Number of protein chains: 2
Amino acid sequence: MFTLSEENYLKTIYHLGLNSEIGVSTNEIAKKMQTKASSVTDMIKKLSDKNLVVYKKYKGVRITDFGRNTAANIVRKHRLWEVFLVEKLNFSWDEVHEVAEQLEHIKSPKLINELDALLGFPKQDPHGDPIPDKEGNYYPLEKKLLATLGLGEKGICVGVNDSSSSFLQFLDKQKIALGNEIKVLGKEPFDDSIQIQIANRELSISNKIANNLYIKIL
Amino acid sequence: MFTLSEENYLKTIYHLGLNSEIGVSTNEIAKKMQTKASSVTDMIKKLSDKNLVVYKKYKGVRITDFGRNTAANIVRKHRLWEVFLVEKLNFSWDEVHEVAEQLEHIKSPKLINELDALLGFPKQDPHGDPIPDKEGNYYPLEKKLLATLGLGEKGICVGVNDSSSSFLQFLDKQKIALGNEIKVLGKEPFDDSIQIQIANRELSISNKIANNLYIKIL
DNA sequence: ATTAATTTTTAGTCTTATCTAAAATAATAA
DNA sequence: TTATTATTTTAGATAAGACTAAAAATTAAT
Ligand SMILES: [Mn+2]
Ligand SMILES: [Mn+2]
Ligand SMILES: [Mn+2]
Ligand SMILES: [Mn+2]
């Protein structure tokens with residue numbers, strides 16, 4: 001169907017275009033994929049030939065319905081594999097991404113549907129990201145960055161923005177996990193740090209952390 | 001480490017060289033891989049550069065200890081994935097090979113060792129083939145082709161020689177499964193067919209079938 | 001021992017995916 | 001509005017992996 005390279009470019013374009021009306025720029029894609037703009041232009045033409053994206057020279061690229069569906073299916077596989085690795089193979093949430101990057105390219109509809117069933121049809125991956133269904137649809141849950149919460153507001157930890165292993169390991173060390181209830185006890189204007197209560201402990205966390213943790217308001 | 005192509009060539013050379021003293025010929029490899037002899041020569045040079053095989057022009061190729069270890073690890077992954085697909089994802093034994101061909105190339109030592117544990121450290125794959133351990137060692141069990149059994153001999157079905165899906169589906173249809181006890185009731189000299197007793201049923205099977213079914217003598 | 005047939009290697013071409021350097025276009029500033 | 005800067009595309013090169021056709025080496029047959 002599609003090559004490994006095509007799938008990886010498409011997935012990047014899908015993610016970059018998610019919250020934007022306009023096209024995704026060549027440079028944006030190049031930066032995300034750690035490649036050169038000229039390589040991106042080449043690949044965009046191929047994706048366009050296969051009707052995965054619409055391409056107008058100098059005007060960036062937009063994903064088609066077909067492309068979005070295809071990309072969502074890759075994301076579905078990626079996230080289901082991540083759940084599998086954590087739930088069944090004792091991986092921690094900071095170890096799964098790299099392996100899922102490989103596994104997401106395995107071609108077998110039966111494999112992925114059976115995996116889905118084995119895992120009990122999960123709706124989120126280990127980082128709180130939604131898992132698209134077979135049709136590519138998903139239902140992102142209402143969530144806000146911890147940094148945007150007001151004094152006294154309470155909520156539940158439901159996801160991370162940054163899922164680098166250094167951030168995830170930091171959360172582990174601080175015993176901050178998805179599902180934990182969090183309450184904002186204080187906000188420090190000087191450095192925008194936040195005092196929180198989490199699982200009977202009080203903690204002060206930096207603005208950078210607060211900007212990478214998603215909370216579902218209670 | 002190694003490319004997909006290198007891994008696939010190496011695996012083929014490993015399998016072809018298993019029961020032979022002399023080197024594996026270019027044509028043999030080309031035939032097995034459905035490619036051209038010239039492509040094989042090219043790849044052999046690359047494998048040789050990486051010390052996976054020893055290559056002497058016109059003299060065929062022999063796998064090195066390093067190559068054998070590398071190949072055995074790929075085979076280990078292939079067979080463990082096959083067990084996983086059958087045991088955990090409701091695949092039948094004639095559906096697993098293609099998917100395992102993809103999965104065997106996933107790079108993650110932790111993944112494969114955890115998978116091994118999840119499956120209870122199986123020693124055989126769904127077709128009765130031995131699963132190498134982490135060091136690449138395995139213990140092939142004593143087995144004979146059904147066709148070589150004498151009149152009255154009894155044994156247990158422990159493996160298949162041909163694992164094409166048409167043969168496996170034929171066995172399913174005849175309700176011949178690994179683990180079944182088989183007794184030779186008669187041998188027909190005219191067409192070399194064999195009368196067997198299996199799970200209280202009597203059956204006549206062709207020589208072709210008998211030459212693809214492995215039996216462990218009781 | 002020559003000759004003929006087969007096998008294997010080499011030489012050269014093609015496709016995919018990448019890169020660098022240069023040219024073209026678009027965006028921004030003066 | 002023109003000049004400067006930034007972005008994007010094109011042109012040309014390279015490497016991996018595959019192919020065809022031709023040359024070379026080996027093996028088999030006379
Ligand atoms: Mn991930
Ligand atoms: Mn990927
Ligand atoms: Mn197999
Ligand atoms: Mn393979």
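Just so it is clear, the model here is predicted, and its values are computed rather than measured. Both backbone and side-chain heavy atoms feed into the values below; hydrogens, waters and symmetry mates do not. Note on naming: letters A, B, ... go to the chains in the order of the sequence lines (proteins, then strands), and numbering restarts at 1 for each one.
Summarising the geometry, the separation between NZ on A:Lys46 and P on C:dT16 is reported as 7 Å, rounded to the nearest angstrom. In this structure, B:Leu47 atom CG and D:dG17 atom C1' are separated by 12 Å, rounded to whole Å. Rounded to whole Å, the distance from CD1 on A:Ile44 to P on D:dT9 is 6 Å. Atom pair A:Lys56:NZ and D:dT7:C1' shows a separation of 18 Å (rounding to whole Å applied). If you take CZ of B:Phe2 and P of D:dA16, they are 15 Å apart, rounded to a whole angstrom. Spacing between atom NZ of B:Lys59 and atom P of C:dT9 amounts to 11 Å, rounded to whole angstrom units. The interatomic distance linking B:Lys31 (NZ) with C:dT8 (P) rounds to 13 Å, in whole Å. What separates CE of B:Met43 from C1' of D:dA15 is a distance of 13 Å, to the nearest Å.
With no hydrogens or angles considered, no side-chain donor-acceptor pair links A:Ser25 and A:Asn27 at under 3.5 Å. Using modelled atom types, one finds no donor on one side chain facing an acceptor on the other under 3.5 Å when comparing A:Asp125 with A:His78.
A close approach under 4.0 Å does occur between a side-chain nitrogen or oxygen of B:Lys57 and OP1 or OP2 of C:dT10. Between A:Thr3 and C:dT16 there is no side-chain polar atom (N or O) within less than 4.0 angstrom of OP1 or OP2. Taking only side-chain nitrogens and oxygens, A:Ser39 never comes nearer than 4.0 Å to OP1 or OP2 of C:dT18. In terms of phosphate contacts, B:Asn27 brings a side-chain nitrogen or oxygen within less than 4.0 Å of OP1 or OP2 of C:dT8. Of the side-chain N and O atoms in B:Ser25, one or more sit less than 4.0 angstrom from OP1 or OP2 of C:dT8.
Of the listed nucleotides (D:dC19, D:dT9, D:dT7), D:dC19 has the atom at the smallest distance from the side chain of B:Ser38. Nearest to the side-chain atoms of B:Lys36 among the listed nucleotides D:dT20, C:dT18, D:dT8 stands D:dT20. Taking the side chain of B:Tyr58 as heavy atoms from C-beta on, and the options C:dA17, D:dC19, C:dT8, the nearest nucleotide is C:dT8. Of the candidate nucleotides D:dA18, D:dG17, D:dT9, D:dA18 has the atom nearest to the side chain of B:Thr35. With C:dT9, D:dT9, D:dC19 as the choices, the nucleotide that has an atom nearest any side-chain atom of B:Tyr55 turns out to be C:dT9.
Note on A:Thr26: only backbone sugar-phosphate atoms sit closer than 4.0 angstrom, heavy atoms only; bases stay farther off. Using a 4.0 Å heavy-atom cutoff across all strands shown, B:Lys45 reaches sugar-phosphate atoms only and no base atom. B:Ser5 comes within 4.0 angstrom of the backbone, heavy atoms only, and of no base.
Ion pair B:Asp49/B:Lys46 not flagged as a salt bridge, since none of the NZ, NE, NH1 or NH2 atoms sits closer than 4.0 Å to an Asp/Glu carboxylate oxygen. Taking the charged nitrogens against the carboxylate oxygens, B:Arg76 and B:Asp116 do have a contact shorter than 4.0 Å, which makes a salt bridge.
Both tests pass for B:Lys110 against the ring of A:Phe91: distance under 6.0 Å to the centre and angle within 45° of the axis.
In this structure, B:Ala37 and A:Leu4 both approach DNA chain C, and ranking their closest nucleotides by distance from the 5' end singles out B:Ala37.
The shortest side-chain heavy-atom distance between B:Lys134 and B:Asn113 falls under the 4.5 Å cut-off.
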